[in-house]
Structures are given as structure tokens and as C-alpha cells.
Amino acid sequence: MAFGKGCHLHLIDGSAFIFRAYHALPPLTRKSDGLPVGAVAGFCNMLLRYIENNNGPDAATHVAVIFDFSSKSFRNELYDQYKAHRPPPPEELVPQFPLTREATRAFGISCHEIEGYEADDIIATATCKAREAGGRVTIVSSDKDMMQLVGGGVEMLDPIKNKRIDREGVFEKFGVYPERVVDVQALMGDAVDNVPGAPGIGPKTAAQLIQEYGDLDALLARAGEIKQAKRRETLIAFADQIRLSRDLVTLHCDMPLDFDLDSLEVRDPDATQILDFLGRMEFRTLSRKVAQRLGVEAPAVPEDAGQLARERPAPEETAFPPIDRAAYETVRTRAQLDAWIARIQEAGHVAVDTETTSLNEMVAELAGISLATAPNVACYIPVGHRASATADLFGGSDLAPDQLPLQEVLDALRPVLEADDILKIGQNIKYDWKILARHGIEVRPFDDTMLLSYALHGGLHNHGMDELSERYLSHIPIPIKELIGSGKSMVTFDRVPIEKATPYAAEDADVTLRLWLTLRPRLHRVRVTTVYETLERPLVPVLAHMEMAGIKVDRDTLSRMSGAFAQKMAQLESEVQEMAGRPFNLGSPKQLGELLFDELKLPGGVKGKTGAYGTDVNVLEDLATEHPLPGRVLDWRQVSKLKSTYTDALQQAINADTGRVHTSYSIAGANTGRLASTDPNLQNIPVRTEEGRRIREAFVAEEGKVLVSLDYSQIELRLLAHMADLPELKTAFREGQDIHAITASEMFGVPLSEMTSELRRRAKAINFGIIYGISGFGLARNLRIPKDQAQQFIDRYFIKFPGIKAYMDGVIQGAKRDGFVLTLFGRKIHTPEINAKGPGAAFARRAAINAPIQGTAADIIRRAMIRMEPAIEGLPARMLLQVHDELLFEVERGAEDALIERARSVMVNAPDPAVKLSVPLEVEAGTGQTWAAAH
DNA sequence: TCAGTCACG
DNA sequence: GACGTACGTGACTGAG
């Protein structure tokens, strides 16, 4: 059919589809050869959805998908900086470009691209032709550059919101009608495409100016009449740049097209063709979907390469049989055990999971061990299950019958668990490593599925087994609650009947093995192998050693402090209640808020989203000028915190056997690569207040030993200076100057000799603020100064240190483009919320700015820790704790200087040879009998 | 189990 | 131009 009146042409912006598909979906690869196909899968889904929705009054009679030929176009000849900041497409995406063309054709839709032109120009030209021929046009795209084409039968369709945009829609967006859109765009510029525009003029001002003056030429001609001085000068000074910007954003309607509209007529999809393509891509789910829609039988696609449910971004390389718990074996005889050992030696790898009586590895007793060598090939070896479900009158009970003796099992498994040529696979293997280490077995070599996931998907989701199983295997393992219960009635695993324990425990090993089969092949494709191999895996034994070493904590010191705190609390409590005129619970923010703001009618009560008054330290400090009560409450809170969280809880945490406190570090807990310390958290022992710091006096060295603390000085600021390229700060660090004073001097133009502590304090707050993704509001609150003044400081900082702005923009741009940011060592930190709408995006932006800095610092100390053990070998010293930028050691008295020398060298040189920093790292050292003295 | 608070880097 | 605001953690408490 010839295109003309009554026809309706749909032009789909194919490149936008591809990028959206790429970013919206998790990485996906073709099972048979590892070809990345995630974007292709997403693209096909979008095409399918488009076809399904293509009916009703706006249905197409003609349709084409238009692609960009390459990133270079004639616009680069107009302006060599056009799209200059745009990085090359991600490597995984490149091979998918031709596949999306193939997909389009398979779906029976024409596709076109022309060298030297952007898709936008082809769409513009086709649109003009269609309009001239008297037909309608729908441009399927959310690109605002295309809005200039709307009108006269041309509309846009935003495929994300499924919303049509007409002339009024354009006016809503730009404040002008389509014919003036280029004028507005010329003024506002476009950071993404690097269209310069007019500096300092944004969308609102641009629209207002064009509305007022009619069009851009009139505006530029009459620029001298503008009242605002700055605006007037900008428009005069940058007139040429603005005209150039208009040329850049104006789409061309006169391109030579190598196709005519008639050829774009909608065709019925050819099932064979589509299914053939989807089959080659190994998209099983999509094939099924298409077959169903077209009413043909679904072809047999061997592997599911594209489970596309967003909630369950699925097992693309997993053609695993469903979990079959009935297939699991309970190993009760020596013959069975030997058969498993043979099977493991045959396979060369085995997933291992230990079941114990406690989450605390230092006290946990082994109940059993499960193994898996292949999907559904798994067993459970009970070794410590009890005969009765509950303890008998004497507090114990006998072992259940038909279990191999613990020691026999361990002796039989030891050669396997320590064999160089058998890979042991665990989920959070540090746990099992420690359990087995307590029985004299050193597990190696090993892989850890939790750490694989952390290296691959840090920031996207958590890395616990249940979550990984659901996400990557579409399988929900048996919840532990079903076996041991919860709360008061919870029992230990050794009380679980073996018949119930086997399916649970063997399933854990099975799932772990399947996760390994799924995740391990992705490492190198996503280029995080080095991260996993140098920053994650080697840390496991290092942390295990530290955790098992523990740190000596003096119970008497804590106990005495607890008593003193209790007295003080009681005194403060009666004081406060006297002031209040009635008793109330000081620990209840709700009661306190009501007292302060409803009863005492103090000013400034602000209710949060739950309807409760805020009563945090900032609020109470402000109120302290009005009334004596809030200050006393703050005192009470401080003491209460110290007592409950530290002096009391720490005593509970002292291990009865070792007399020491053994924390547990989570390697994959923090998004940035930092460790987290739990049970108890030894990374937040007080230090900032005099009173709190005394808690550290309870952390002591053994008799004849001392504690040594080494900490990186200003590591994050140093990294900022390096990464954002701030010459003044780099020099200051090289010369060992006072960094905050230098900052203040640069910012406020005050010579160092005249520096005041107030200016320095402000500069310091700004320096930290920068690392956190500063905002005027945040700085204002921190410094307790007006917001506009805080904003002025920030502006001045940006002007004085232009590298900062460039760094931040670069990070944000990268995060938006890739969905992740990188540390200097290649750790990926995903930022899934970065393109979100609403306040979530602001959060994500600040997190994205902070992540490379905090993450690089975390990587550096990880490298130092991994190298520390060999470096201090031979010294009577061991590493006990890590507190983000500090390492705490225990060393025999007399050897502390040797330790400091070696440890400092390791820490200072930790980035070598992977990264060469342009600032030196410095490490401060201290020694003492207690942590308070050493720090 | 959640929200509020506060300890650390 | 509005909206909520420093980044990253874990533990304890009250309250539902």
C-alpha cells in the first residue's frame, strides 16, 4: 500500500530501546557460548510489547525501527566537542548491536540506519515525508530532542510511560510549542550531548525568554534590552555559541533516505522466523511467550537463556534439574562416606556446608556436614545429632543412633578438604572454615558464592543464600525456622531429627553448588575476577584468624564502669523527673517528645512521618538553651548508651574459654567494600568523648604483650585529592601540611599565618562534606550556619578546586550510564537508584559520589591486611581488629618497633603495584597496654 | 519487627 | 522548582 492519507507511520528509536534494555536487565549470557545477550532479550521483549499494544485508533499501518549508525555524525564537523564526553558503549553491548537489527527483522519490521547521520535525523526526515504525504506519524521515543517534530499529525509516544505527547504535551515539557523547542534547547544546552548552550540559563529561564521575545533570533537581536545584567551579558557574549547550539539540536528533514515509506507497511509476523531467532539466542521464556501469542507450538529450546521476570532475573546459564530433596542421601555408614569421597575426587570440586549448634563459630558444635558434587547429588553426614528433641533432666542427652563418629568423619574428609586439586565451595565459607579450623582442618582451596555475588553484584542486592537462590535459581530453600523454630521455643540444630535435617542441609550444599555453577562463569565477563581474587577471597583466612584470635577484654573494668554508670543514670533520672514534675520513661522518645512539646510547650517540635516528635541530639541541643531538662536527658542518654551497648553487652560477649571477645566481620555486608563488625560490633567502640573513650581501657593486651594501633591518616581526603585531581591539596599532602588549614586559606584567601580556628573548622567540615556528596542544607546543619552561607562556601570551594565538580559530574554520569561506579581497584558498586525519580535519586547521587572514595580506602586496607600475615611472619605479633582505617595488633613487649616498621610499610605501600597514587599515604602508630593508650 | 537514637570511620 | 538532604555501618530500646 502506498503511504498517504489515512496511513499512520510509527518510527521507533531503536538505539534508545537498546540502551534501556541493557540497563534495565541484569547481565545475561547465552548458555552455549557465553555471548552477552541481555540487551537483545530486553529489546525483543520491548518489541513484543510494542506489537501487542499496536491496535486501536493509533495503530500503525507502517512501521520502522531506526538506529544510529555510529556515534560520529555530521554534527561533529559543526562542533568537535559534540557528544565528546560520551564514552564508548560497554563492551558487553557491542556484539549485541547487530543482533538487535537481526531481531527487528525477525519480528517482521524494517530497520534502517545511515552512516554519518543520527537516528534522530532519519526519523525527522521520514516524519517530514510522511507528513507531506498526508499521513500521521508516531515517534516512539522519550528523547526530548524529538519534540521539535511534533504537530501537524505528528505525535510522540513515550514507551516507558505509554503516554502520547502532542503539541500541548510539548508545551508542558518545554514551556513553548514544538516550533520553538530548538530555541529553548539552544539556550539551555545539553550536558549529556555536550551542547554548550548559554551558561547559567536553564530550562525555566530559557522558556521564559523565548516566550517573552518570540524566538531566539529576536531574543539575541534585542539582548541589550534585558534588565538582568548577568543574563544580558551572557546572551551577548555567547551569542555565537548559542547559535551553534541551535544548529546542533536542530534535526534535519532533508536527508537522503535509502528507503521509501511504502516499503514500511506493517506485515504479519512470521512465527518461524521469530522463533528461529529466539531459539538461536536460547531465549526459552520469550519463545514460549511468542509461540503462545501466535498460536503455534513452542519449540524446544534447550537452555533457558532469558528468564526475564524482573523479580527473578534468572538462571540464564542454568539448565539445572529442579531441586529434588528426595534424591539427597543421609550418610550413616563408612561405606557411604567412602563412596562420597570417591565421588568428590572424581568431580574435582565439592560444595560444603556445616550445620552447627550456634551462629557463633567460637562456641558452635558440629551437628553434621553436607556435601554436593552436582545438582541433586548431595548428602548430609550427621555427626552430632541428639536422641531426644529436648534436653533431659540432666541438661544433656545421648547422641542419636546410626551416626558416624565425628572424629572418623573429619579424618576421612580431611584429605579432601585440604587437597590442592579439589575446590571446596561454600556460601559464606569463613563460617565453615572456622568451624573446621577448630577441628584442625584448614580448608583450601576454596570459592565462596557469597563473595562471588558480592564482586559481581555489590550494591544490587544482599548476598545471603536464600536471596541468591531465589534470584538466580528461582528456588526458595527450606527456611531454617521450619526446623529449629524461632524465639523462645527455638532449639539447636543438633536437636533436629536427622530425617528432617537431611533435606534442609543437603539442599544448602546443593543450592551452593548451583550458585557456584551460575555465578563463577560470570566473573571474567563482568571483569571483576581481579577484585574477587585479590580483595575478596584471600581475606577469608585473614579474617578467620583475626576473629579466632579475639581481643582480651577486662571484665572487672567493665563491671566497675557499669556500676558507676548505673548510679549516674539513676541520679540523672530522678533529676529529670523532678524537672518534669512526673515520672516518665527516659528511654522512650515518644514520651519525651510529648513531655517537651505538649506539656512543657517548648518551641520547635517537629513531627516525623510517623507522627512522633523528633528528639535526637540536634533537637535536644537546640532546646537546651530554653530549658535545663533536655541537656540532662542528653547526659542520661550518653550514659545509658555506654552502659547498655558497651559495658554490659561487652561483658556478655567475653568467651568463657578464651577470656576474649571474638567479633565477626562480614565481608559482603557493606556496599562500598568496607567490612562490618558484628556480635559484637568492635568498630564502634566509643572514642570521641572522654567518658566514652574510657571503655577502651577495658580492651587490654595479654600479660607481657602490648597493643599496637596503626591508622591511615586522612586516607579518604588523600584519595579525593588524587581522584579529583586537586593540585593544591596534593601538594599540601606531599609537604605534610595541615590540610584543612590549606583548604581554608585557599577558600577564604587568608594566609596560613593568619588562620583562625573557626575558618579551619569550616574548611574541615566542607572537606568532609565533599566526600559525602555535599549539599548546602547538610553543611548548614553541620556548621549551624544559614543555608545560603553554606551554599556560598560550597560554590567557592567548587570554583577554587574545579577538579571537584568535574570528578562529581564524571562519577554521576558514569553511574547513570553503567549502573555502577568503580573504585581505583576495579570494585564495582552498583547504583540502581541513580536513575530513579524523586528523592531516591538524590540519595543515590550522594552515595555514588562517596562510594569510589570510601570503597577505594576499603580496598587499600583490605590489600594491606592480606599482605600483613606474610609480612609479619616471624614476629611474635598478630593482627586483632580492623576499624576501617585502623589495624590493631597484639605483640610481645619489645617487638613493637619491629612490628610497626613492617606493618607501616605494608599499609603505606598497599596500593602498589596496581595503583600509583599521586599523594603519599601516611600511617600513624601508637602502642600501649590498653586500646585507649594505643590509639 | 519497626523506628528512633547514637556509637564508630 | 520542589523536596529532602551529608556517606557507610550495627546495637539497643520502646512500642505495636
Whichever of A:S644 and A:A848 has its nearest DNA chain C nucleotide further upstream toward 5': A:A848

Upstream residue (5' side of DNA chain C) when A:L675 and A:A842 are each assigned their closest nucleotide: A:A842

Sugar-phosphate, base or nothing in reach of A:N782, heavy atoms under 4.0 Å: base

Within 6.0 angstrom of A:E626 CD, more than 12 heavy atoms from elsewhere: yes

Nearest-Å distance once atom P is located in both C:dA6 and B:dC6: 14 Å

Distance in angstrom units between A:K607 NZ and B:dA3 P, rounded: 18 Å

Pairing of A:R863 and A:D859 as salt bridge, 4.0 angstrom limit: no

Sugar-phosphate, base or nothing in reach of A:G614, heavy atoms under 4.0 Å: sugar-phosphate

Test log, rule side-chain hydrogen bond (donor to acceptor under 3.5 Å, both in side chains), inputs A:N850 and A:Q854: CA-CA 6 Å; A:N850 175 259; A:Q854 186 179 122; 3.2 Å; yes

Separation of B:dC8 P from A:F699 CZ (nearest whole Å): 13 Å

Presence of salt bridge, A:E890 and A:R660, under 4.0 angstrom: yes

Separation of atom CD in A:E691 from atom P in B:dC6, rounded to whole Å: 15 Å

Separation of A:R796 CZ from A:Q791 CD (nearest 0.5 Å): 12.0 Å

Chi angles and distances behind the side-chain hydrogen bond (donor to acceptor under 3.5 Å, both in side chains) call for A:R781, A:S775: CA-CA 10 Å; A:R781 202 177 59 171; A:S775 71; over 6 Å; no

Sugar-phosphate only, base, or nothing, as touched by A:E716 at under 4.0 Å among non-hydrogen atoms: nothing

Interatomic distance, A:F768 CZ vs B:dC8 P [rounded to whole Å]: 14 Å

Salt bridge flag under 4.0 Å for residues A:R784 and A:E621: yes

NZ/A:K144: more than 12 non-hydrogen atoms of other groups inside 6.0 Å: yes

Touch class at under 4.0 angstrom, heavy-atom based, for A:N681 against every strand present: sugar-phosphate

Euclidean distance for P, B:dG4 against C:dT5 (whole angstrom): 11 Å

Charged tip of A:K787 within 45° of A:F777 ring normal and under 6.0 Å: no

Sugar-phosphate, base or nothing in reach of A:S640, heavy atoms under 4.0 Å: nothing

Sugar-phosphate, base or nothing in reach of A:A765, heavy atoms under 4.0 Å: base

Nearest non-hydrogen partners of A:A851 and A:T823, listed with the distance: O-CG2, 4.4 Å

Start and end of chain A contact along DNA chain C [non-hydrogen atoms, under 4.0 Å]: C:dG4 to C:dG16

Interatomic distance, A:Q683 CD vs B:dC6 C1' [rounded to whole Å]: 16 Å

Length of the line joining A:L682:CG and B:dA7:C1', which is rounded to integer Å: 12 Å

Contact list for DNA chain B against residues 661-670 of chain A - heavy-atom distance below 4.0 Å: none

Sole residue of A:R637, A:K590, A:Q591 in side chain to side chain donor-acceptor pair (under 3.5 Å) with A:T615: A:R637

Residue-phosphate contact under 4.0 Å: A:T615 side-chain N/O, B:dT5 OP1/OP2: yes

Who pairs with C:dC3 - Watson-Crick or G-U, where each distance is under 3.5 Å: none

Separation of B:dC6 C1' from A:Q638 CD (nearest whole Å): 10 Å

Sugar-phosphate only, base, or nothing, as touched by A:L779 at under 4.0 Å among non-hydrogen atoms: base

Touch class at under 4.0 angstrom, heavy-atom based, for A:I771 against every strand present: nothing

Sugar-phosphate, base or nothing in reach of A:A851, heavy atoms under 4.0 Å: nothing

A:R688 vs B:dC8: side-chain N/O to OP1/OP2 distance below 4.0 Å: yes

Sugar-phosphate only, base, or nothing, as touched by A:S775 at under 4.0 Å among non-hydrogen atoms: base

Atom pair distance, as rounded to whole Å: CZ in A:R693 and C1' in B:dA7: 14 Å

Sugar-phosphate, base or nothing in reach of A:G587, heavy atoms under 4.0 Å: sugar-phosphate

